[in-house]
Each structure stands twice: as C-alpha cells, then as structure tokens.
Amino acid sequence: MSKERYEDTKLFRMRHSAAHVMAQAVLEKFPDAKYAIGPAIDDGFYYDFDLPRPLTPEDLEQIEARMRSIIRENHPFVRREISADEARQIFKDQPYKLELIEGLEQGGFDEHGEPLAEKPVISIYTHASFTDLCRGPHVERTGEINPDAIKLMSVAGAYWRGDEHRPMLQRIYGTVWYTSEELQQYLWKLEEARKRDHRKIGKELDLFSVNDEVGPGLILWHPKGAKVRKIIEDFWMNEHERSGYEFVFTPHIGRAALWETSGHLGFYKESMYAPVDIEGQQYYLKPMNCPFHIHIYKSQIRSYRDLPMRLAEKGTVYRYERSGVLHGLFRVRGFTQDDAHHFCREDQMPEEIDFVLDFSLHILHSFGFQDIKAYLSTRPEKADGEVARWNAAEAALENSLKRSGVPYEVDAGGGAFYGPKIDLKVNDAIGREWQLSTIQFDFNLPERFDLTYIGEDGQPHRPYMIHRALLGSMERFFGVLIEHYAGAFPVWLMPIQVVLIPIADRHVAYAQKVASELKLAGLRVRVDDRAERMNAKIRDAQNQKIPYMLVVGDKEMESGQVALRLRSGENPGPIPIATFLERAKKEIEEKI
RNA sequence: GCCGACGUAGCUCAACGGCAGAGCAACCGCCUUGUAAGCGGUCGGUUAUGGGUUCGACUCCCAUCGUCGGCUCCA
C-alpha cells in the first residue's frame, strides 16, 4: 500500500483552509492588516501578517473564537482564475500580494519561494468576506473543518520571504485535526515533550548548567552529568579500540595558514571566532578536527600497507552560533565531537563503509536506539572531486545500506560539495527524529593537503578520506539521551544506581555495610542517612530516577536481606543481597 | 542578528507606583520512622546590570546582558 502524500490529504486541505479562515478573522479584527502567506505545515498551519501592534494571547483567543463561528457559518470556498491585471486590482492595497503576483507573472514561485516548473495560472479563493491569492486546493466549505479540533498555538516573528533584510511579520501558528481526540493527542505529545525537556531535567537531576557569566552556549557539566559522560566515553573508547581505531589528541587552536589550506577560512569563516594573536601570528579556535588529523596522517610517508587508518578523537570544537539559535545542549558554541577520520585505498573503500555503518548502528543500538533511519545524500550540482570517485562512493554507501537492512531514503543532490554522505537518524520514545551519526566522504581536503600513500606500484596515490561522527557531539547526544529516557537512563548509564534507605538510625551501619559490598562489586551506591522519614527518602530517590532503592530495617538486618523497590514503582520486596547483585549486574550487562 | 515575551532567595513562583513575600531546598532542633513530602525554628534579596521619570520604582521609560518561543542559519 503506498502512502498518500500529505499534500493530497483532506487534512492538508483543512489546514490550508483553516489558515484562510484565520486570516478572515484577523482581517475583521484589524481591517488595515496586510496579509502575506499562509500555508499548511506539518502539524497545522500558519499565516503571516503585518499588523499595527503586537498580538497578545487575548487576541489569539478572540481570533480562535471567531474562527469557530466562521466555520459554523459553513461558507463555500470558491475558486476563480483571473489575469494578473485583475489580481493587481483586487489586491491593490496588499503589497505582499502584489509582490507575489509579480513573482507569479515572472514564472512563479510556490509558497516556499521555490521556482515552479511552468508559469502558473493565477487563482483566487473566496469564502465569506475573505479573498486570497491562492493556488489551493481547499475543502468545499468551511464547515468541513472540525471547530472542536482547531487551536491557535503561538505568535512569532518571521521575515517576509524568510529574508532577514525584509520586514518582520507576525506569524500566527495554529493546528487542526480531524477530531478533537487527535487534537488532544497532539497537545499531549507537546506536553510530554515539555516534560522531557533536557534543560528542565538537567536542572532537576543536577546534570549540567549554563551560566551567564561563563557565557551563553557554553556547557558546565556537573558531577552527575560528567559521570554519565564518562561512562559514555569509556564505552565509546573501548568499542573503538576493539574495532581498530587509534586515538589521537589535537590542540584547540591552529595557525591561520592551516585554515587557509583546509579552506575553512574561505567557506566556513562565518562560523569561526576571531583569531588570537600570538607573537604576531594569527591562530584560530578550531571549528573542526579534520586538519589536525590530516597532519597526523601526513607526518610520514604512508604505505598502502598502512591503510586503512582510523584516527579517532573526542575533539572539542568551537563554532560561532548566532545568539538567537542557542538551545540548551542542542545548539551550543563549544562542543565535543566523537570524531574520526578514515583513510583508505580505493579497493578497501566499500569494505570500510560496511564497517563504519555497522559500527555506527552497533553504537546507537547500545544506547537503546532501535528505531533508526538512514538518509543518503548524493552529488549536488556544484561539486568538487572526480565524478568517478563520487560514483564509487555513492555506490558503496548505498550497497552498505542495502546490506545492513536499515530503512533509508535518498536525497538526490543533497550532498555537500566535497562528498556524499549517510546521516543516521533515530526515533525517540515519543516519536521525534534526531540526527546523530554522519558518515561523510571528503574529496576536497585530500586534494588541498595533497594526501598520498605509496601503492604497490611504488607510485603515490590519493587515499579516500571519510569523516564520521557517531553520537554527533557529547552535548547534543546527552540532550537527546535525556529527552529519550526522560532522565531515567538505563542502569549502566545512571550516575547513581542504588540508594540504600535505612528506616531508622539504627539501620545506618547495616546500610553502609551493604553499600560497601555493592561498591566492591562495581555498583554506584549512595546511603541516604539523612534524618528523614523513609517515605521522604523514597520520594527523593524516585524523583532522581534512581533505578534501585534498597530499604533496610529491622527485618532486613536480621535476615541479611534488602527490600528492593524499583523506580517504576514496582516493589519486589525483601531479597538476599546476592540475589539483588545478580539482578543488577545482569541488567547493567544487558544495558537495560 | 531580527520580532515578541520574560528576568524577584539555590529552585518554583507571588507582590504590578506606597514597608519584597510563600512553598521547597539549606542550617539547627525534636521525632526513630516500613514503600512518593513528620513537626518546629533559623538563615537567605543592591528585585539581571546601568541610567532615567517620580515625593516614592520589583512595578513606568531607555540601554546593555541573558533566558524562552519563533525567524534566519545549520560545513
């Protein structure tokens, strides 16, 4: 069964129509308003307006209420095809519409500003008192929109045609569904996402912070967050070492000449920070690790026997991000990539891709991401490097994908100018997609740095270079992990795995004895010996998402047991210490 | 960077031209507890920062810094 395209669904038409209904409501409220464009989007619709004053939440309520009454009035949508001149007459007071008409006449752009293949007919849609320049399609009548399944969500600034040099308009976002149940479901998902927000959980679990005085977009990892990071990194290092990677360390700054050679000062400068002057020489903070790894490769003449070479580093890079885009751990100015560069021969290349794809999937699976999709991006129009290499690389990427069985999509022409790539995206617990891994060919840097190896024939050859990051960056990955698990990480990742809860003071010594035993077995354990009631200790441990709570009182002390409670609320009750240890070790081993 | 909202105790929030408050946390004490908050007390503030208006500013105005929602960007 082939999936219906969203654009062809009734839901899409309802949303687009709802945008018109909203525009009518806004126009009634602000007769002088200029209206721009109002398409359907993934979860709803928006419409951009030029208004005499900023909208308030009360305005939204009124507009929403008026929308419901317009819907109930059940106006038909009437389409009419008109000439450009007629359109100019109708929209003579609407500068944005006039500009759109101009564009349509020139050959046309769709609502995203993309050029259309053929010159479009100009059409208008009218319902009730409202007429809009619009390609359609719409529902037949406003009554087909479910008035109980609409909601206006927010107002935000948006540039006319997305151009920051053009006027800023007010964009009203709304959502519509077939049924109010679907609307409720959607709102529930938003609410769930809000509850999982890594910035909120990061504070509650004392994992990390960002501080004004330190600077925006710069992350402070607190002991508990750092513990999780260390566990992730230790695992990462072990898996890499086992799989034939070699570790390197490289500095945080490099001379301007390096970035000239790499080309970053040409095409990446706007993301780099201003240079520091050292004895009259300019040095730049690194936005990437590649040039350093390349110089390690170049530090001696390489033989074909040395390949493949896999250099890995948790490399901390700094990139300038505009202040408005910073977001918790997801968008920061300094971050640590789990970076590696593969250098290999042509005959090794397909196998190398097989290896790195399998390895990536293995790493992602280990963190509990089972639902993974791949995106293959191929050669764009403007591309560097030999076409033969592009083709070979793209074939290798696609073959690996097929062999691995990961579902994938091809973004034809979506690759970077310097090589094709595979991106891996994971679906989290509430169905959101996050891009984590990138496996990226680079045909540009080997040329720029004149990378070679000596082949069997005694002649220099150009190696293939593959850049890859699996988790992406430690910061972003940690953020995704927090939101995926809502802070309740698998036991192996928890900074504190076990809390001993003595019921009364006389049980503290026993709790400490049990704790030492568990620590000896490698568990991360705390004893909650505060002068609090057991109930309070349980509550705190629950809120901290501690996997195992071990309550000890008279009975346990007497029998040498612990009463196990889980963060799920399950209460398995008293068990021997050895039994608990076995269970915990098994769950840690299995990464549950 | 741009538009809008916002910035009050460690945290979550009140007060909205007229003496800056509560709960939690922290600290002290009492209680010695059986599966999600025991009780009492104490401490805690240049109301982000800097200017301005006013008899008087957390409150109004301006600027700066930061946060949030978007836009833009995302080699």
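On a predicted model such as this, the values are computed, not experimentally measured, just so you know. Chain A is the first sequence line, chain B the second, and so forth, proteins listed ahead of strands; every chain is numbered from 1.
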| remark: By nearest-heavy-atom nucleotide on RNA chain B, the more 5' of A:N571 and A:A156 is A:N571
| request: Please figure out whether A:G573 or A:D212 has its closest RNA chain B nucleotide nearer the 5' end. | output: A:G573
| query | Does A:E556 make a side-chain donor-acceptor contact with the base of B:rG34, cut-off 3.5 Å? | reply | yes
| said: I'd like to know if A:Y46 reaches the base of B:rG70 with its side chain, counting only an N/O donor and acceptor under 3.5 Å. | reply: no
| task | Verify the ring-centre separation between A:F580 and A:Y548: is it less than 6.0 angstrom? | result | yes
| request: For the residue pair A:Q512 and A:D529, establish whether any side-chain heavy-atom pair is separated by less than 4.5 Å. | output: yes
By the 4.0 Å heavy-atom rule, please label [X] as base, sugar-phosphate, or nothing.
| X | result |
| --- | --- |
| A:Q337 | nothing |
| A:M288 | base |
| A:Y418 | base |
| A:A563 | base |
| A:K537 | nothing |

How far does the [atom1] atom of [N] sit from the matching atom of [M], given to the nearest Å?
| N | M | atom1 | answer |
| --- | --- | --- | --- |
| B:rC62 | B:rC3 | P | 13 Å |
| B:rG44 | B:rC28 | P | 16 Å |
| B:rC58 | B:rC13 | C1' | 14 Å |
| B:rG23 | B:rC39 | P | 12 Å |
| B:rC16 | B:rC60 | P | 11 Å |

| query | Got more than 12 heavy atoms from elsewhere within 6.0 Å of NZ, A:K269? | reply | no
| task | Just compare B:rC74, B:rG69, B:rG38 and give me whichever is closest to any side-chain atom of A:R199. | result | B:rG69
| remark: Among B:rC71, B:rU35, B:rU72, the one nearest any side-chain atom of A:R322 is B:rU72
| Does A:R15 use its side chain to pair, donor to acceptor, with the backbone of A:V176 at less than 3.5 Å? | yes
| remark: Rounded to the nearest 0.5 Å, the NZ atom of A:K151 sits from the CD atom of A:E64 at a distance of 5.5 Å
| said: Let me confirm one number: the OH-CZ distance from A:Y47 to A:R171, rounded to the nearest 0.5 Å. | reply: 12.0 Å
| Annotated protein contacts, base or backbone, on nucleotides 26-33 of chain B with a non-hydrogen cut-off under 4.0 Å, one of B, S, - each | -----BBB
May I ask you to say whether [X] pairs ionically with [Y], meaning some side-chain N is under 4.0 Å from a carboxylate O?
| X | Y | answer |
| --- | --- | --- |
| A:R583 | A:E587 | yes |
| A:R506 | A:D554 | yes |
| A:R462 | A:E447 | yes |

Check whether any side-chain nitrogen or oxygen of [X] sits under 4.0 Å from OP1 or OP2 of [N], and answer yes or no.
| X | N | value |
| --- | --- | --- |
| A:S154 | B:rG69 | no |
| A:Y159 | B:rC73 | no |
| A:H327 | B:rG69 | yes |

| query | Where does the angle between the aromatic ring planes of A:W221 and A:F478 fall among parallel (under 30°), tilted (30 to 60°) and perpendicular (over 60°)? | reply | parallel
| said: So that I can compare with my own list, what are the stems of RNA chain B, taken as at least three consecutive Watson-Crick or G-U pairs with distances under 3.5 Å? | reply: B:1-7 with B:65-71, B:10-13 with B:21-24, B:26-30 with B:38-42, B:48-52 with B:60-64
